[in-house]
Amino acid sequence: MDKPARITPPLTDRDVEYLRAGDKVLITGVIYTARDAAHKKLSEAMDKGDALPFDVRGQIIYYVGPTPPRPGEVIGSAGPTTSGRMDVYTPRLLSLGLKATMGKGQRSEEVIDAMKKYKAIYLAAVGGAGALIRKCIKKADVIAYGDLGAEAVRRLTVEDFPAVVANDIYGGDIFKAGVEKYRRP
Amino acid sequence: MRNIRTSEITEKVKELCMDAACLLPSDVEAALRKAADGEASPLGRDVLEQIVKNFEVAASEGVPMCQDTGVAVFFVSLGRGVCLDGPLEDAINQGVRQGYRDGYLRKSVCHPITRKNTGDNTPSVIHTRVVEGDRIRITFAPKGAGSDNMSRLKMLKPAEGIMGVKDFVIETVRAAGGNPCPPIIAGVGIGGNFEKAAILAKEALLRPVGSRNPDKELDSIERELLEGINSLGIGPMGFGGRVTALSVHIEAFPCHIASLPVAVNIQCHADRHKEIEI
């Protein structure tokens with residue numbers, strides 16, 4: 001697919017069914033941020049049976065810890081962080097209905113299996129493009145774990161946020177396919 | 001003796017932190033602009049285009065090019081004729097504190113066990129050597145975790161030789177895949193001992209991208225490794241492609257007759273570093 005698909009959370013099974021690894025997407029709407037420390041807290045909340053700070057069903061979690069906004073700005077630099085560090089927490093969130101995660105770098109086999117099982121996708125944004133990506137973020141509100149600073153959970157309102165489907169619900173994987181295609185003996 | 005006030009060092013370090021986060025060095029910028037020419041993958045070229053656009057936005061708007069503004073790493077060459085009015089490391093850390101606050105940079109440093117953030121991005125990692133002269137040269141190279149986490153060190157057996165070194169470098173980059181934000185620069189330290197190899201690898205990253213190694217043998221190994229890495233197929237952001245690394249830089253140092261240490265410090269494409277002299 002050359003033209004990016006436009007997606008808006010909450011995502012349904014139907015929304016993710018037609019996306020394939022390698023497709024470009026533009027996200028418009030509300031997404032949620034969480035990285036290492038927030039995932040640990042989400043996990044502890046689930047252990048205790050507490051409600052999560054937001055209903056994960058159909059949502060996209062973006063792995064990011066932004067720089068502080070300059071006066072008058074919504075957010076600072078806000079590119080993706082390495083997703084692999086969240087692998088240990090991800091299958092459980094997918095089992096609750098989370099439809100997509102977004103970050104950079106490859107995922108574990110456990111996460112890939114869980115994505116197939118729960119019909120969820122993984123999106124990759126361009127790492128190190130935080131200054132550019134911040135322009136797609138129109139609103140940012142800390143909704144939980146404010147004490148974590150850059151690692152707090154934020155609700156972002158985004159417009160035409162560019163990403164690539166890295167893993168689809170059928171087991172398609174851009175990292176594996178890419179290496180396969182361009183590797184030289 | 002030449003007197004240098006530590007308050008001047010603090011002021012300069014503060015500016016250094018803010019500038020380095022937003023302005024990519026010209027050698028790295030040139031290499032990234034050229035990279036698309038060698039990229040066969042359309043998606044890879046797309047990524048490279050976004051990377052170029054990003055550092056242009058960062059520079060023109062004065063915002064950090066990457067949200068991971070890193071651990072503050074310094075290499076200091078202190079002239080033996082310099083007389084300071086206070087501790088050097090305190091002056092540098094004070095500059096980091098101010099630069100990360102006033103530059104709206106992310107404070108990414110925490111206690112290793114409790115994970116409690118220190119709140120001001122200190123302490124810095126500072127490597128100091130005393131040299132001839134009465135000046136002080138400070139190189140700042142903030143290091144993000146995405147690429148640092150993918151770095152490795154191994155104590156090889158001497159029998160493994162240069163083949164073992166090459167295999168280890170290629171395997172390290174292969175295993176890293178898309179995680180360290182390729183296209184990367186690979187800093188390789190060969191020899192020394194356990195800690196020296198790591199510092200060599202880090203120092204190797206400070207050499208301008210695209211420059212040749214003055215040592216002919218190391219130069220030829222660098223070229224061979226660059227070709228090997230760019231045959232892995234990882235490509236920009238790991239989406240597949242030919243441009244996985246922009247450059248490979250090697251530093252070597254004599255080692256023990258029983259050892260062959262090798263360290264690979266992977267650097268992401270946002271290869272930030274800046275130098276000042278006082």
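What's counted below: heavy atoms across the whole structure, side chains too, no hydrogens, waters or symmetry copies. Proteins come first, then strands; the chains are lettered A, B, ... in the order of their sequence lines, and each starts at number 1.
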Compare every heavy atom of B:Gly238 with every heavy atom of A:Phe175, then report the nearest pair and how far apart it is. CD2-O, 3.1 Å

Identify which of A:Arg183, A:Glu180, A:Gln106 forms the greatest number of heavy-atom pairs closer than 4.5 Å to chain B. A:Gln106

Counting only non-hydrogen atoms closer than 4.5 Å, does A:Ala129 touch chain B with its backbone (N, CA, C, O), its side chain (CB onward), both, or neither? both

Chain A shares the most heavy-atom pairs under 4.5 Å, among B:Asn117, B:Leu105, B:Thr244, B:Ile51, with B:Leu105

Report yes if the side chains of A:Ile133 and B:Gln50 come closer than 4.5 Å at any heavy-atom pair, otherwise no. no

Interchain contact, B:Lys107 with chain A, by part (heavy-atom threshold 4.5 Å): side chain

Would you check, one step at a time, whether the test side-chain contact (heavy atoms from CB on, under 4.5 Å) holds for A:Glu151 with B:Arg106? CA-CA 10 Å; A:Glu151 296 206 61; B:Arg106 196 179 79 187; over 6 Å; no

Step by step, would you call A:Arg134 with B:Glu61 a salt bridge (Lys or Arg N to Asp or Glu O under 4.0 Å)? CA-CA 12 Å; A:Arg134 100 188 195 288; B:Glu61 300 184 15; 2.7 Å; yes

Heavy-atom pairs under 4.5 Å with chain A - which of B:Asn149, B:Asn230, B:Asp46 has more of them than the others? B:Asp46

Given the options B:Pro42, B:Pro64, B:Gly228, which has more heavy-atom pairs under 4.5 Å with chain A than any of the others? B:Pro64

Find the one option among A:Gly128, A:Pro66, A:Gly130, A:Gly105 whose heavy-atom pairs under 4.5 Å with chain B are most numerous. A:Gly128

Correct closest heavy-atom pair for A:Tyr182 and B:Arg242 would be O-NE, 3.4 Å

For each of A:Pro68, A:Gly84, A:Ser83, tally heavy-atom pairs with chain B at distances under 4.5 Å, and name the one with the top tally. A:Pro68

Close contacts, residues 65-73 of chain B versus chain A, judged by heavy atoms under 4.5 Å: B:Met65, B:Cys66, B:Gln67, B:Thr69

Are any side-chain N or O atoms of A:Lys104 and backbone N or O atoms of B:Gly178, one a donor and one an acceptor, separated by less than 3.5 Å? no

Decide side-chain contact (heavy atoms from CB on, under 4.5 Å) for B:Leu43 and A:Val164; before the verdict, give the C-alpha distance in whole Å, the side-chain angles of both, and the deciding distance to 0.1 Å. CA-CA 9 Å; B:Leu43 191 53; A:Val164 172; 4.0 Å; yes

Which atoms of A:Lys135 come close to chain B, meaning under 4.5 Å heavy atom to heavy atom: side chain ones, backbone ones, both, or neither? side chain

Most heavy-atom pairs under 4.5 angstrom with chain B, which of A:Lys40, A:Lys176, A:Glu73, A:Arg184? A:Arg184

Check the pair B:Arg115 / A:Asp36 against side-chain contact (heavy atoms from CB on, under 4.5 Å), numbers first and verdict last. CA-CA 10 Å; B:Arg115 311 305 294 178; A:Asp36 309 62; over 6 Å; no

For a quick test of reading the model, state the closest non-hydrogen atom pair linking A:Val179 to B:Leu232 and the distance between them. CG1-O, 3.5 Å

Any side-chain heavy-atom pair from B:Tyr104 and A:Pro71 closer than 4.5 angstrom? yes

Inter-chain contacts: residues 263-270 of chain B against chain A, heavy atoms under 4.5 Å: B:His269

Side chain / backbone / both / neither for B:Ala176 at chain A, heavy atoms under 4.5 Å: backbone

Based on non-hydrogen pairs under 4.5 Å, which of B:Ala21, B:Gly235, B:Gly62, B:Gly119 is most in contact with chain A? B:Gly62

With a sphere of 6.0 Å drawn around CZ of B:Arg33, does it hold more than 12 non-hydrogen atoms of other residues, nucleotides or ligands? yes

Flag yes if more than 12 heavy atoms outside A:Arg70 fall under 6.0 Å of its CZ atom; otherwise flag no. yes

Look at atom NZ of A:Lys138 and say whether more than 12 heavy atoms of other residues, nucleotides or ligands are closer to it than 6.0 Å. yes

Ranked by heavy-atom pairs below 4.5 Å to chain A, first place among B:Gly241, B:Gly146, B:Gly177, B:Cys110 goes to B:Gly241

With a 4.5 angstrom heavy-atom cut-off, is it the side chain or the backbone of A:Pro185 that approaches chain B, or both, or neither? neither

